[in-house]
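A quick write-up on the structure given underneath.
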Number of protein chains: 2
Amino acid sequence: MNQDYTANAKIIKALSDPSRLKIIDILSCGEMCACDILEHFDFTQPTLSHHMKVLMGCGIVECRKEGLWNYYSLNGTNCNKLILFLMSLITNTDDCICKEKTKGGCK
Amino acid sequence: MNQDYTANAKIIKALSDPSRLKIIDILSCGEMCACDILEHFDFTQPTLSHHMKVLMGCGIVECRKEGLWNYYSLNGTNCNKLILFLMSLITNTDDCICKEKTKGGCK
DNA sequence: ATTAAATATAGATATATATCTATATAGGGG
DNA sequence: CCCCTATATAGATATATATCTATATTTAAT
């Protein structure tokens, strides 16, 4: 399997959860500490910790530690790369995996 | 949980698999029947059937039946909607879920 | 040093899913 | 009607994951 598919699938998988989409939405306003993010949700602190780990594991979110607090923010570059990947994926480009259509019968 | 998050998470989850990303890439060239898509993969026909069901279930792929063959194609409108959702998600907009940053301490 | 607060980790559980083999269904051709 | 091909479904299995409770770690303040 092409490495691009695998690497981007990991990022996309990190975004495939409603709670994590909401976290991304929250962080789009700027950096925020975990305890303030948590107030937007009904789940427990360890669950948020898990979600943040997933989002950081794929490079879409970064963390700045300051005293007791973890300040999280979006990695804008990686967000943009994901958008560009998806746009190129759905766009018929010259280097597309298939060269010709199959209209009029298979094989 | 906001309905947008849930609905889009379902679409994003459908794209969170390397094989399904490859299928999207293949379909970006135009419609293709299942048997021809299958030739790009090592897994079995029922597995492809499963993947196509997932991709259709979220509205990102459509199917046109013709005789024995199923011709699959991307739903361009829904692809575009997904891109737009992601772009609005990572962009700090007026209707963002959080109104102010938390610089300088939490709570 | 003790305490309190923020976060992380461990372990458990329930659910989802990617894949397989085996079988069923459906449509076309002879 | 019978066979072949394309696709779907059923059922099994192994793995992943979202969540919880309980506990550990880290850092600051007193």
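Chain naming here is simple, since letters A, B, ... match the order of the sequence lines and numbering starts at 1 in each.
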A:Glu66 side chain near A:Tyr71 side chain, heavy-atom distance below 4.5 Å: yes

Is the shortest heavy-atom distance from the side chain of B:Leu15 to the side chain of A:Asn8 under 4.5 Å? no

With nearest nucleotides of DNA chain D determined for A:Leu68 and A:Arg20 from heavy-atom distances, which residue corresponds to the more 5′ nucleotide? A:Arg20

Closer to the 5' end of DNA chain D via nearest nucleotide, is it B:Tyr72 or A:Ser16? B:Tyr72

OP1 or OP2 of [N] less than 4.0 angstrom from a side-chain nitrogen or oxygen of [X], does that happen here?
X: B:Thr47; N: C:dT19; value: no
X: A:Lys65; N: D:dT27; value: no
X: A:Asn70; N: C:dA8; value: yes
X: B:His51; N: C:dT19; value: yes
X: B:Lys13; N: C:dA16; value: no
X: B:Thr44; N: C:dC20; value: yes

Rounded to whole angstrom units, what separation is found between the [atom1] atom of [X] and the [atom2] atom of [N]?
X: B:Leu55; N: D:dA8; atom1: CG; atom2: P; answer: 12 Å
X: B:Lys53; N: C:dT25; atom1: NZ; atom2: P; answer: 15 Å
X: B:Phe41; N: C:dC20; atom1: CZ; atom2: C1'; answer: 17 Å
X: B:Ile37; N: D:dA6; atom1: CD1; atom2: P; answer: 14 Å
X: A:His50; N: C:dT9; atom1: NE2; atom2: P; answer: 13 Å
X: A:Tyr71; N: C:dA6; atom1: OH; atom2: P; answer: 11 Å
X: B:Asp36; N: D:dT5; atom1: CG; atom2: C1'; answer: 14 Å
X: A:Trp69; N: D:dT25; atom1: CH2; atom2: P; answer: 22 Å

Given A:Leu27 and A:Ser73, is the side-chain contact (heavy atoms from CB on, under 4.5 Å) satisfied, shown in steps? CA-CA 6 Å; A:Leu27 293 182; A:Ser73 58; 5.8 Å; no

Comparing B:Asp17 and B:Gly67 on DNA chain C - which has the more 5′ nearest nucleotide: B:Asp17

Looking at A:Pro46, is its backbone amide N or carbonyl O close enough to the side chain of A:Ser49 to form a donor-acceptor pair, meaning the two atoms are under 3.5 Å apart? no

Check every atom of D:dC20, D:dA8, C:dT21 against the side chain of A:Phe43 and return the nucleotide holding the closest atom. D:dC20

Would you call the rings of A:Phe43 and A:His51 parallel, tilted or perpendicular if under 30° counts as parallel and over 60° as perpendicular? tilted

Any N or O donor-acceptor pair under 3.5 Å from the base of D:dA6 to the side chain of B:Gln45? no

